[in-house]
Chemist: 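Quick one: structure below, then a few questions.
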Amino acid sequence: MEINFPFSTSRQNPSLMLPTPPTFTKMASMAFHVVQSPRNPTSIFSSNKEQTQNWNALKFVRGKKLLKDLSTWGIGGPCNYFVQVFHQTHLLSAVRYCREFSIPYVVIGKGSNCLFDDLGFDGCVILNQIDFLERMEPGVYRAGSGFRFNHLGSLSCNEGFTGLEFTAGIPGTVGGATYMNAGANGQETANVIESVDIVTTEGNFRTLNRIDLTFGYRSSSFRDMDNLAAIVAATFRLERSGSAKKRQQELLKRRRATQPVNERSAGSVFRNPVNLGVSAAELIDKAGLKGCSIGGAMVSNIHANFLVNNGASTSQDMLNLIALVKDKVDSKFGVELEEEVLYFHPYWNYANWER
């Protein structure tokens, strides 16, 4: 799945993208100073931190939650703090907790394009479970940011409205799709957004209308909002259509036939190059990389832009495979692929961040 999730801290809200050099050797010298992950990694957190803390009716779990259980890639060690939020007030409380104790944090939904490190994350992972749905009027839906995006698409198509057919088979959430402007098959999220509700790092709720927002290919102005803590909800305005349900069924059938839906992946790993008339998958395929593997990470034989975890991949395996694919495509075609996935360094801090 190719959607991004807001990465937030008490000081800024960068989009935590992988560095983009052609080889991993060079990658290790970039902003994140990538740590080699052992095949059987040891937790970066000491056992005396394994406890539960209650704060403003929220339960923060310390050092126990494994990030591989929160990611569709199935990769990642323990996070220092973990909390689930089911309402916007819970989300606000979690943000305030992290701000008060100067804890870096990330808000995630289905974890469908997150690559966590095997060493874990020395911060707080906030799992967004804000999954309400309101029908404001015919064709107008307001959904919580934790609501399943494909479920919203199915409901709207079944009710005779077009605009979200492309969500068929996508495992992400409304918040993630809005944040990165998810799209496929000629449709994208931005086309049907009417407004977005957010919570800021200062603890305020704001509603941003479509005119206030800028969207591009797999990107949005949310990436550059320094005071964005998280997206709370989004309102979508759709048009009536008698063929929406049929088209969505066709797209779902095509997705199941052309993508490794039964394997552990993060969806499309690379953005399609702009103005080249060729997809990232085609470039990777023509570079002879289908089936190529490093450790437990492999380029899918079904869709070359999907890198799959065969059950034994470490984060280092996946990082190395990403770097290899970029290097081969660049060497053969002179095209530098850019990642859609988000990589979270275990010891991310403000000093080593490069936008």
Side-chain angles (χ1 to χ4, degrees), residues 3-17 31-32 55-56 58 60 79-109 111 113-114 121-130 132 142-147 172-182 189-190 193-216 218-236 342-345 348-355:
I3 67 176
N4 296 339
F5 298 87
F7 180 89
S8 307
T9 73
S10 59
R11 305 183 194 180
Q12 56 184 329
N13 179 46
S15 170
L16 195 58
M17 298 301 295
F32 293 113
W55 195 83
N56 282 4
L58 292 176
F60 288 83
C79 54
N80 203 349
Y81 298 80
F82 171 76
V83 64
Q84 299 185 70
V85 296
F86 298 88
H87 188 271
Q88 65 181 29
T89 56
H90 297 160
L91 176 58
L92 181 57
S93 292
V95 170
R96 285 176 173 168
Y97 178 89
C98 293
R99 283 175 56 82
E100 180 168 335
F101 296 100
S102 299
I103 302 169
Y105 62 94
V106 55
V107 182
I108 69 170
N113 78 327
C114 298
F121 178 60
D122 192 16
C124 181
V125 173
I126 302 173
L127 182 61
N128 184 354
Q129 305 266 35
I130 306 173
F132 68 85
R142 181 173 181 264
S145 52
F147 195 82
T173 60
V174 165
T178 301
Y179 180 79
M180 66 82 60
N181 190 22
T189 308
I193 283 182
E194 181 166 90
S195 63
V196 180
D197 301 324
I198 68 170
V199 59
T200 69
T201 53
E202 293 80 20
N204 301 314
F205 292 107
R206 292 180 58 194
T207 297
L208 302 173
N209 295 317
R210 179 63 180 83
I211 196 172
D212 302 318
L213 301 168
T214 302
F215 293 91
R218 303 298 179 268
S219 67
S220 72
S221 49
F222 294 111
R223 293 177 178 270
D224 299 316
M225 291 183 185
D226 291 338
N227 67 336
L228 173 69
I231 294 172
V232 174
T235 300
F236 303 88
L342 306 178
Y343 169 65
F344 298 94
H345 189 280
W348 185 86
N349 60 61
Y350 308 110
N352 68 8
W353 169 249
E354 287 182 6
R355 183 81 51 126

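Each residue takes its place number in the sequence, starting with 1. These figures come from a predicted structure and were not determined experimentally.
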Chemist: Under the rule for ring-ring contact (aromatic ring centres under 6.0 Å, His included), what residues qualify as partners of Phe82, not counting sequence neighbours?
Modeler: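 With sequence neighbours excluded, Phe82 shows a ring-ring contact (aromatic ring centres under 6.0 Å, His included) to no residue whatsoever.
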
Chemist: Side chains of Asn209 and Ser195 only: does a donor on one sit below 3.5 Å from an acceptor on the other?
Modeler: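 The criterion, which ignores hydrogens and geometry beyond distance, is not satisfied for Ser195 and Asn209.
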
Chemist: For Gly216, does its backbone N or O pair with a side-chain atom of Asn181 as donor and acceptor, under 3.5 Å?
Modeler: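 Present.
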
Chemist: Quick one: does Phe215's side chain get under 4.5 Å of Phe222's, heavy atoms only?
Modeler: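 With C-beta onward as the side chain, the pair touches.
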
Chemist: Measure across Ile108 and Cys114 and return the closest heavy-atom pair with its distance rounded to 0.1 Å.
Modeler: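 That would be CG2-SG, 4.3 Å.
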
Chemist: Would you call Val125 and Phe344 a side-chain contact if the rule is heavy atoms closer than 4.5 Å?
Modeler: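 No; the side chains remain at least 4.5 Å from each other.
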
Chemist: Does some side-chain heavy atom of Met180 sit less than 4.5 Å from a side-chain heavy atom of Leu342?
Modeler: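 Leu342 vs Met180: side chains apart.
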
Chemist: Could you report the tightest heavy-atom contact between Phe60 and Ala94, atom names first, then the distance?
Modeler: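 It is CZ-CA, 4.1 Å.
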
Chemist: Tell me which one of Asp197, Asp212, Thr235 satisfies side chain to side chain donor-acceptor pair (under 3.5 Å) with Thr207.
Modeler: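 It is Asp197; the other options fail the test.
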
Chemist: For the residue pair Gln88 and Val199, establish whether any side-chain heavy-atom pair is separated by less than 4.5 Å.
Modeler: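 Not touching, per the 4.5 Å side-chain cut-off.
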
Chemist: Once you round to the nearest 0.5 Å, how far does CD1 of Ile103 lie from CG of Asn80?
Modeler: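 Nearest 0.5 Å value for the CD1-CG distance: 7.5 Å.
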
Chemist: When rounded to the nearest 0.5 angstrom, what is the spacing between CD1 in Ile126 and CD in Gln84?
Modeler: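 One gets 12.0 Å once the value is rounded to the nearest 0.5 Å.
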
Chemist: Does the side chain of Trp55 come within less than 4.5 Å of Val83's, by heavy atoms?
Modeler: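 Side chain of Val83 against side chain of Trp55, heavy atoms only: no contact under 4.5 Å found.
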
Chemist: Given side chains that start at C-beta, do those of His87 and Phe132 come closer than 4.5 Å, heavy atoms only?
Modeler: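 No, every pair of side-chain atoms sits at 4.5 Å or beyond.
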
Chemist: Heavy atoms only: give me the nearest Thr189-Ala177 pair and the separation to one decimal.
Modeler: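 Result for this residue pair: OG1-O, 3.6 Å.
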
Chemist: If every non-hydrogen atom of Ala230 is compared with every non-hydrogen atom of Leu91, which pair is closest and at what distance?
Modeler: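 Closest approach of Ala230 to Leu91: CB-CD2, 3.8 Å.
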
Chemist: Do the side chain of Thr201 and the main chain of Ala229 share a donor and acceptor less than 3.5 angstrom apart?
Modeler: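 Not confirmed, Thr201 side chain does not pair with Ala229 backbone.
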
Chemist: Just jot down the ring-ring contact (aromatic ring centres under 6.0 Å, His included) partners of Phe101, sequence neighbours excluded, or say none.
Modeler: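 Phe101: ring-ring contact (aromatic ring centres under 6.0 Å, His included) contacts with Tyr97.
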
Chemist: Write down the atom of His345, the atom of Phe121, and the distance for their closest heavy-atom approach.
Modeler: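 What the structure gives for the nearest pair is O-CD1, 3.6 Å.
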
Chemist: Give the minimum heavy-atom separation between Leu58 and His90, together with the two atoms involved.
Modeler: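 So the minimum-distance heavy-atom pair works out to CD1-O, 3.4 Å.
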
Chemist: For the side chain of Arg210 and the backbone of Ala190, is there at least one donor-acceptor N/O pair under 3.5 Å apart?
Modeler: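 Present.
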
Chemist: Holding to ring-ring contact (aromatic ring centres under 6.0 Å, His included), I want the full list of residues that pass it with Phe236, two or more places apart in sequence or in another chain.
Modeler: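 By the ring-ring contact (aromatic ring centres under 6.0 Å, His included) rule, Phe236 matches no residue at all.
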
Chemist: Got a donor-acceptor contact below 3.5 angstrom from the Ser221 side chain to the Leu213 backbone?
Modeler: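 Side chain of Ser221 to backbone of Leu213, a donor-acceptor pair under 3.5 Å: no, none is there.
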
